[in-house]
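Below you'll find the structure, written out as structure tokens, and then a few comments.
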Amino acid sequence: MKIYTRTGDAGMTALFSGERVRKPHPRVVAYGTVDELNSQVGVARAAEPQVSVANAIAELQNVLFYLGSDLATPGDAPSVLRIREEHTARLEAEIDAMDEKLPLLKNFILPAGTLAAAHLHVARCVCRRAEREAVSLATIESINPEVVVFLNRLSDYLFILARYENLLAKREETTWSARSNPST
């Protein structure tokens, strides 16, 4: 099977429903950003994080395929993988478990630490963009409402996962200080 089909050469692409839309369609932009998010999370995984963080990332990458499938399929197609409340609840449980082990956050922290943690912080930013794009899509088309809830929680999860990676790697967090800016 060839990787290229030439079906997108005129700027159109097919959704999972078979409907063809322009490539800059908000639905395509939203699931394309989820694909970018999954790739960024993969870069964090390639940066050799601590074993438990690597395992969490591997599980997350599989769930992100559900998310992409959900966004790529308008309507109520029953055979499509969809984000469900259980996916969000699992993130919340994992956030709570990691947060119990982390030092209390008293200041903003700079996105840094291990290479894996820094990549997780970038993934968090991509996730927030995917959330904004899903919310924008929801203003013009119906989407699974759990998608926005999941993306909102996922950005929190990626933040905590980055902090947890630094904790396990014994990497101190760098706190932000307004006093470090010479113009203030």
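FYI, the numbering just counts along the sequence from 1. Keep in mind that the numbers below use all heavy atoms, side chains included, and drop hydrogens, waters and symmetry copies.
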Electrostatic pair Arg90-Glu94, nearest N-O below 4.0 angstrom
yes

Among Gln50, His119, Arg171, Glu165, which residue meets the side chain to side chain donor-acceptor pair (under 3.5 Å) test with Thr114?
Glu165

Would Val149 end up clustered with Leu151 when hydrophobic side chains under 4.5 Å apart are linked, directly or stepwise?
no

For the backbone of Val29 and the side chain of Thr33, can you confirm whether one donor and one acceptor N or O come within less than 3.5 Å of each other?
yes

Taking Asp35's backbone N and O only, do any of them form a donor-acceptor pair with Ser39's side chain (distance below 3.5 Å, no angle check)?
yes

Dump the intermediate steps for side chain to side chain contact (heavy atoms under 4.5 Å, CB included) on Leu81 and Phe65, then the final yes or no.
CA-CA 8 Å; Leu81 302 173; Phe65 266 90; 5.7 Å; no

Applying the 4.5 Å side-chain criterion to the ILVMFWY set and letting contacts propagate, would Tyr31 and Val135 be lumped into a single cluster?
yes

Might you point out which heavy atoms bring Gly113 and Asn166 nearest each other, and give the distance in Å?
CA-OD1, 3.3 Å

Locate the shortest heavy-atom distance separating Ile140 from Pro26; write the atom from each residue and the value.
CD1-CG, 3.5 Å

Which atom of Tyr157 lies closest to which atom of Ala56, heavy atoms considered
OH-CB, 3.3 Å

What's the spacing between Asn152 CG and Thr88 OG1 if we round to 0.5 Å?
9.5 Å

Quick check: do Leu161 and Ile57 have side-chain heavy atoms less than 4.5 Å from each other?
yes

Shortest non-hydrogen pair, Val148 vs Ala134, comes out as CG2-CB, 4.2 Å

Would a hydrophobic clustering, with Ile, Leu, Val, Met, Phe, Trp and Tyr connected at side-chain separations under 4.5 Å, put Leu71 with Tyr66?
yes

Got a sec, which residues hit side chain to side chain contact (heavy atoms under 4.5 Å, CB included) with Pro103, two or more places apart in sequence or on another chain?
Arg163, Leu167

Is it true that, when you exclude Glu141 itself, more than 12 heavy atoms of the residues, nucleotides or ligands shown sit nearer than 6.0 Å to its CD?
yes

Could you walk me through whether Asn144 and Phe150 pass the side chain to side chain contact (heavy atoms under 4.5 Å, CB included) test, one step at a time?
CA-CA 10 Å; Asn144 171 4; Phe150 179 82; over 6 Å; no

Considering the options Arg84, His87, Arg82, which one meets the side-chain contact (heavy atoms from CB on, under 4.5 Å) requirement together with Asp70?
Arg82

Looking at residues at least two apart in the chain, or sitting in another chain, which of them share a side chain to side chain contact (heavy atoms under 4.5 Å, CB included) with Ala162?
Ala117, Leu120, His121

Using every non-hydrogen atom in the two residues, find where Val34 and Gly68 come nearest and quote the distance to one decimal.
CG1-N, 3.9 Å

Using the rule given for side chain to side chain contact (heavy atoms under 4.5 Å, CB included), can you reason through Leu102 versus Asp99, listing the C-alpha separation, both sets of side-chain angles and the distance that settles it, and then say yes or no?
CA-CA 5 Å; Leu102 290 168; Asp99 200 33; 4.0 Å; yes

Side-chain heavy atoms nearer than 4.5 Å, only ILVMFWY residues, links allowed to pass through others: does that put Leu154 and Val63 together?
yes

Distance check, rounded to the nearest 0.5 Å: Thr175 atom OG1 versus Asn107 atom CG?
5.0 Å

Please round to the nearest 0.5 Å and tell me the distance separating atom CG of Leu37 and atom CZ of Arg128.
12.5 Å

Joint cluster assignment, Leu115 & Leu60, ILVMFWY side-chain distance < 4.5 Å
no

Run Leu137 and Glu133 through side chain to side chain contact (heavy atoms under 4.5 Å, CB included) and show every step you take.
CA-CA 6 Å; Leu137 173 62; Glu133 290 167 355; over 6 Å; no

Is Asp156 reaching over with its side chain to a backbone N or O of Glu92, donor-acceptor style, under 3.5 angstrom?
no

Write down the atom of Ala116, the atom of Ala44, and the distance for their closest heavy-atom approach.
CB-O, 3.6 Å

Hey, what do you get for SG (Cys127) to CD (Gln40), rounding to the nearest 0.5 Å?
12.0 Å

Kindly write out the residues that satisfy side chain to side chain contact (heavy atoms under 4.5 Å, CB included) with Ser52, not counting sequence neighbours, or none if the list is empty.
Tyr164, Leu168

